[in-house]
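Below: one structure, written as structure tokens.
Predicted, not measured: the structure shown is a model, and the values here were computed from it.
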Amino acid sequence: MTLGEFLSDRLGRIFMVAACAGGAALFLLATGTQPGIIVILLLVFLPVLCMVQMCDFFRCRAHLKELAHVMEGLDRKYLFFECVSGSRSLYERRLFDLCRQAGQSMTAAVSEAQAAKREYREYVEGWVHEIKAPITAAGLICRNTDSEIRRRLSGELSQIEAHVERALFYARAESPEKDFLIRQAELEEIVSRAVEQHRTLLIQSGVRVETSGLEETVFTDGKWAAFILGQLLQNAARYRREEPVITLSAMRNGREVQLTVRDNGMGIPSYELPRVFERGFTGSNGRARGGSTGMGLYLCRKLADCLGIGLQIASAEGRETAVTLIFPAKGNLTES
């Protein structure tokens with residue numbers, strides 16, 4: 001609060017006091033009081049008024065600073081009125097009581113929403129684990145059919161399993177600290193796991209996978225990192241062109257390891273690149289192919305942020321797309 005803001009707020013009160021002082025001066029003048037005495041009274045009254053206003057200004061400013069300091073120290077800002085000290089005036093106390101009641105009501109609503117969110121997350125996780133059993137059973141049944149039907153059913157089941165897995169990770173991303181574990185992992189094993197999980201899709205899409213320089217050790221959660229890679233592989237297979245090739249290559253850059261997933265597919269228009277990680281953004285390619293949810297790259301960004309993995313994307317429309325994951329390398333955590 002500045003002095004100008006304070007005076008602007010008190011302008012009506014100051015004007016009223018000045019009007020009362022002027023009225024009193026006119027009354028004294030009408031009753032025969034000498035003008036010199038009235039001037040002396042006004043000269044005494046003016047400094048007193050200024051002093052009172054200045055004291056009030058410094059008191060209010062100090063109180064606001066105290067409240068701002070309390071607010072800055074809170075992680076949950078909506079608990080502000082539960083933490084502030086008692087106010088100085090009756091009006092402020094009544095006002096703070098009303099705000100405290102409103103805050104308690106909001107806290108109860110937040111707690112209920114968090115409980116409902118937690119129950120929904122637990123339900124989704126349970127449903128995912130239950131649905132995996134019939135998916136696996138259907139895959140086993142497919143083995144007894146002829147080759148063409150088996151190929152088509154296996155592809156559809158693979159897509160269903162990918163969507164189910166995406167739903168599971170979407171639910172877990174709301175409370176990631178309860179599920180992932182950062183530890184030393186071999187990059188080659190993470191890549192192999194991701195490729196194996198999407199082997200059916202890659203084969204049916206005619207995608208050739210090439211790898212190089214994967215003999216690196218990183219610090220991450222292997223399961224979550226494999227899921228991120230899987231989303232990138234799905235996108236590359238979905239938006240492929242003729243003779244599709246996906247290249248996964250890694251290189252060490254100081255205390256980091258950069259894993260690049262590069263494809264020779266449709267590419268992304270330059271004006272869409274800033275939005276590809278937004279939730280629900282499908283882009284022109286997604287709308288053209290149909291069936292896109294716009295959740296794959298959004299989840300990649302969200303999970304990468306949880307794991308401390310950098311995520312960068314570059315693309316040339318009609319030529320290629322390259323997504324780079326930047327992992328902390330071995331020794332990066334202990335030496336920093």
Review point. How about T217 and E186: does a side-chain donor come under 3.5 Å of a side-chain acceptor?
Key: yes
Check your understanding: Would you say S8's side chain and G4's backbone share a donor-acceptor pair under 3.5 angstrom?
Key -> no
Point to revise | Heavy-atom closest pair, residues L42 and A21 | key: CD2-O, 4.3 Å
**Study point:** NZ (K223) with more than 12 external heavy atoms under 6.0 Å
**Key:** yes
Review point. Backbone N or O of M266 within a donor-acceptor pair of the T321 side chain at under 3.5 Å?
Key: no
Review point. Can you list the steps and then say if T324 with L311 is a side-chain contact (heavy atoms from CB on, under 4.5 Å)?
Key: CA-CA 6 Å; T324 300; L311 193 60; over 6 Å; no
Review point. Distance from N235 atom CG to C300 atom SG, nearest 0.5 Å?
Key: 7.0 Å
Exercise for review: Might you point out which heavy atoms bring A185 and I190 nearest each other, and give the distance in Å?
Suggested key: CB-CD1, 4.0 Å
Review point. Looking only at heavy atoms, what is the nearest atom pair of S270 and P274, with distance?
Key: O-CD, 3.6 Å
Review point. Would a hydrophobic clustering, with Ile, Leu, Val, Met, Phe, Trp and Tyr connected at side-chain separations under 4.5 Å, put L299 with V323?
Key: yes
Exercise for review: For the pair E272 (side chain) and S284 (backbone), establish whether a donor and an acceptor sit closer than 3.5 Å, ignoring hydrogens and angles.
Suggested key: yes
**Study point:** Spacing of OG1 belonging to T247 relative to CG belonging to D263, to within rounding of 0.5 Å
**Key:** 9.0 Å
Study note, to complete from the structure: Interatomic distance, CZ@R262 vs CD1@I246, rounded to 0.5 Å, equals 12.5 Å
Check your understanding: Is there a chain of hydrophobic side chains (I, L, V, M, F, W, Y, each step under 4.5 Å between heavy atoms) that links L248 to V245?
Key -> no
Exercise for review: Spell out, as yes or no, whether a donor-acceptor pair under 3.5 Å connects the side chain of N264 to the backbone of R240.
Suggested key: no
Review point. Between atom CG of D56 and atom CD of Q53, what is the distance when rounded to the nearest 0.5 Å?
Key: 6.0 Å
**Study point:** Steps toward side-chain contact (heavy atoms from CB on, under 4.5 Å) verdict (V17, F45)
**Key:** CA-CA 10 Å; V17 172; F45 173 75; 3.4 Å; yes
Review point. Just wondering, more than 12 heavy atoms not from E243 lying within 6.0 Å of its CD?
Key: no
Point to revise | Backbone of P328 reached by a side-chain donor or acceptor of R255 within 3.5 Å | key: no
Exercise for review: Say whether W224 and L214 are linked into one hydrophobic cluster, either directly or through other cluster members, by side-chain heavy-atom distances under 4.5 angstrom.
Suggested key: yes
Point to revise | Under 3.5 Å: donor-acceptor pair, side chain of T31, backbone of L28 | key: yes
**Study point:** Partners meeting side-chain hydrogen bond (donor to acceptor under 3.5 Å, both in side chains) with T282 (sequence neighbours left out)
**Key:** none
Point to revise | Minimum heavy-atom distance between P244 and S205, given as atom pair plus value | key: CG-O, 3.8 Å
**Study point:** ILVMFWY cluster, L201 and V191 together (side-chain gap under 4.5 Å)
**Key:** no
Point to revise | L297 side, atom CG; I313 side, atom CD1 - distance, nearest 0.5 Å | key: 5.5 Å
Review point. Is a donor on one side and an acceptor on the other found under 3.5 Å between the side chain of R183 and the backbone of F219?
Key: no
Exercise for review: Would you name the heavy atoms of A194 and G230 that are closest together and state the gap between them?
Suggested key: CB-N, 4.1 Å
Practice item. Check whether any side-chain N or O of R241 sits under 3.5 Å from a backbone N or O of G265 as a donor-acceptor pair, and report yes or no. Key: yes
Point to revise | Check: E256 main-chain N/O paired with N253 side-chain donor or acceptor under 3.5 Å | key: no
**Study point:** Hydrophobic cluster membership, L307 vs F277, 4.5 Å side-chain cutoff
**Key:** yes
Exercise for review: Look only at the side chain of R193 and the backbone of F227, and say whether a donor-acceptor pair between them is shorter than 3.5 Å.
Suggested key: no
Exercise for review: Let me see the working for D305 and R301 under side-chain contact (heavy atoms from CB on, under 4.5 Å), right down to the final yes or no.
Suggested key: CA-CA 6 Å; D305 289 343; R301 168 66 76 186; 3.6 Å; yes
Study note, to complete from the structure: Between L187 and A250 the two heavy atoms that sit nearest each other are CD2-CB, 3.5 Å
Review point. Are R319 and E317 ion-paired here, with the side-chain N under 4.0 Å from a carboxylate O?
Key: no
Check your understanding: Just how far is it from atom OG1 of T260 to atom CG of L325, taken to the nearest 0.5 Å?
Key -> 8.5 Å
Exercise for review: Give the intermediate values and the outcome of side-chain contact (heavy atoms from CB on, under 4.5 Å) for residues L229 and L259.
Suggested key: CA-CA 10 Å; L229 284 177; L259 173 63; 3.6 Å; yes
